[in-house]
Amino acid sequence: MQLSRIAVAGASGLIGSALTRSLTADGHEVVRLVRREPKDGTEVRWDPEAGRVDTAGLAGCDAVVNLAGAGVGSRRWTQEYKTRIHDSRVNGTRALAEAVASLDKPPRVFVNGSAMGYYGETGDRIVDENSPAGHGFLPELCVEWEGAAAPAQQAGVRTAFTRTGLVVGRGGGAWGKLFPLFQAGLGGRMGDGRQYWSFIALHDEVAAIRHLLETDGLSGPFNLTAPQPLTNREITEAMGRVLHRPTLFSVPAPVLRAVLGEMAGDVLGSARVRPARLLESGFTFAFPDIEGAIRAA
């Protein structure tokens, strides 16, 4: 499918900024959703927590991508911050979906963020898009987050959800914090290291989003994770090999829980996620292995 004008919410984040660079480099016009007064016609004002968006600014867009949301790993999960995490995703998604549905000529595709947190704790069990949601804050959030896109779906807009794993990139997310530690020789496993971390290279994350945008017929949930998830211990060893640094340190689970609070469950939890539908759709990973993903970052 040929696209030319694409609206992106969350364009300043790790994934959003890489996506907008990729789209712009290929000649697409990117319209950024911003919370301040727009500078020009390439920006549209919105307030995701309050559920408001300047609908007129989306007119003429062929696609809308929503990657906005308060950082899950940015700070300790107080009740106040959990509310912010929730509202920035659910209210923002609902506002965008309603805006899309209200247009005289809606965009052809709406790609909405989600997360592998949908599945919760999976242990050694492999899960794919057919697996049920888990239990707890993140799974329940993801279910509500995806459900908030219903107005766009009901309006006949092709809607896809990106259940993204841990993105291997230097500019943010989990790896944005891991790289400095490992480069300083302070990296190591977390807890017992047996928990599965489902990762994806930033390059492949962007390529997968573009694949969902540009391929007719792709709708519903897609796991954006590399084909072979690894344990935290295996990833720690790979970081040491690629960066030529020792990985002698480890952070015991009780210390993580004391420092991170409830969020420690996300770090110590196991998510063995397979991108079944993405592979079935013909997508090819450029960096399917962890060492390649680390080097690419």
Side-chain angles (χ1 to χ4, degrees), residues 1-24 26 28-33 44 46 48 53 55 57-58 60-69 88-101 103 105-118 129 141-165 167 173 200 202-225 275-283 285:
M1 179 174 67
Q2 294 297 314
L3 303 171
S4 58
R5 181 176 168 88
I6 304 168
V8 179
S12 62
L14 172 67
I15 300 169
S17 57
L19 175 64
T20 55
R21 285 194 301 270
S22 174
L23 291 170
T24 302
D26 284 347
H28 299 287
E29 179 187 358
V30 175
V31 178
R32 295 169 173 81
L33 276 77
V44 175
W46 82 318
V53 58
T55 303
L58 300 179
C61 287
D62 300 296
V64 174
V65 181
N66 179 25
L67 303 172
S88 64
R89 287 165 172 75
V90 176
N91 295 1
T93 295
R94 185 177 295 113
L96 272 177
E98 290 175 350
V100 161
L103 293 171
K105 185 180 179 182
R108 286 173 284 175
V109 57
F110 181 36
V111 173
N112 197 71
S114 186
M116 70 175 182
Y118 179 95
E129 294 87 349
L141 169 65
C142 289
V143 169
E144 194 174 354
W145 188 5
E146 294 181 12
Q153 294 173 299
Q154 292 164 2
V157 177
R158 180 169 67 84
T159 302
F161 302 99
T162 58
R163 293 178 182 168
T164 296
V167 179
I200 184 169
L202 179 58
H203 173 95
D204 285 330
E205 173 77 10
V206 170
I209 293 173
R210 293 199 55 173
H211 177 69
L212 297 178
L213 283 171
E214 297 163 8
T215 308
D216 289 327
L218 298 185
S219 62
F222 290 84
N223 294 333
L224 268 56
T225 59
R277 296 194 68 219
L278 193 61
L279 293 171
E280 289 166 3
S281 73
F283 181 78
F285 285 84

query = Which heavy atom of G57 sits nearest a heavy atom of C61, and at what distance?
reply = O-SG, 4.5 Å

inquiry  = Working to the nearest 0.5 angstrom, can you tell me the gap between F285 CZ and L279 CG?
reply    = 5.5 Å

remark   = The reported gap from CH2 in W46 to CZ in R32 (rounded to nearest 0.5 angstrom) is 14.5 Å

message = I need the minimum non-hydrogen distance between N66 and G92, along with the two atoms involved.
response = ND2-C, 4.4 Å

message = Checking the side chain of R158 only, and the main-chain atoms of L218 only, is there a donor and an acceptor separated by less than 3.5 Å?
response = yes

request  = State whether the side chain of R163 and the backbone N or O of P221 hold a donor-acceptor pair below 3.5 Å, judged by distance alone.
outcome  = no

task = Ignoring hydrogens and angles, tell me if any N or O in the side chain of R277 forms a donor-acceptor pair with the backbone of S219 under 3.5 Å.
result = yes

ask   = So, S17 side chain and L14 main chain: donor-acceptor pair closer than 3.5 Å or not?
value = yes

inquiry  = Out of the candidates L213, V64, I6, only one should pair with V109 under the side chain to side chain contact (heavy atoms under 4.5 Å, CB included) rule; please name it.
reply    = L213

key: From L23 atom CG to E29 atom CD, the distance as rounded to the nearest 0.5 Å   = 11.5 Å

ask   = Any sub-3.5 Å donor-acceptor pair from T93's side-chain atoms to R89's backbone N or O?
value = yes

remark   = Result for side chain to side chain contact (heavy atoms under 4.5 Å, CB included) between L96 and one of L33, V65, T55 points to L33

note = Looking only at heavy atoms, the pair that brings S114 and F161 closest together is CB-CB, 4.4 Å

task = Go through the steps for F222 and T162 under the test side chain to side chain contact (heavy atoms under 4.5 Å, CB included), then give the verdict.
result = CA-CA 5 Å; F222 290 84; T162 58; 5.9 Å; no

inquiry  = How close do P48 and N91 get, counting heavy atoms only, and between which atoms?
reply    = O-CB, 3.1 Å

ask   = At what distance, to the nearest 0.5 angstrom, does CG of L19 lie from CG of L67?
value = 6.5 Å

Heavy-atom donor-acceptor pair, R210 side chain to S22 backbone, under 3.5 Å = yes

remark   = Taken in chain and number order and not counting sequence neighbours, the residues that satisfy side-chain contact (heavy atoms from CB on, under 4.5 Å) with A152 are A97, V100, F110, V157, T159

message = Run L58 and V31 through side chain to side chain contact (heavy atoms under 4.5 Å, CB included) and show every step you take.
response = CA-CA 8 Å; L58 300 179; V31 178; 5.6 Å; no

query = Passes side chain to side chain contact (heavy atoms under 4.5 Å, CB included), R5 versus D62? Steps please.
reply = CA-CA 5 Å; R5 181 176 168 88; D62 300 296; 4.0 Å; yes

inquiry  = If I compare all heavy atoms of A115 with all of C142, which pair ends up nearest, and what's the gap?
reply    = O-SG, 3.8 Å

task = Take H211 and L278 through the side chain to side chain contact (heavy atoms under 4.5 Å, CB included) test and state the conclusion after the steps.
result = CA-CA 9 Å; H211 177 69; L278 193 61; 4.1 Å; yes

remark   = When rounded to the nearest 0.5 Å, the distance separating OG1 of T225 from CD of E205 is 9.5 Å

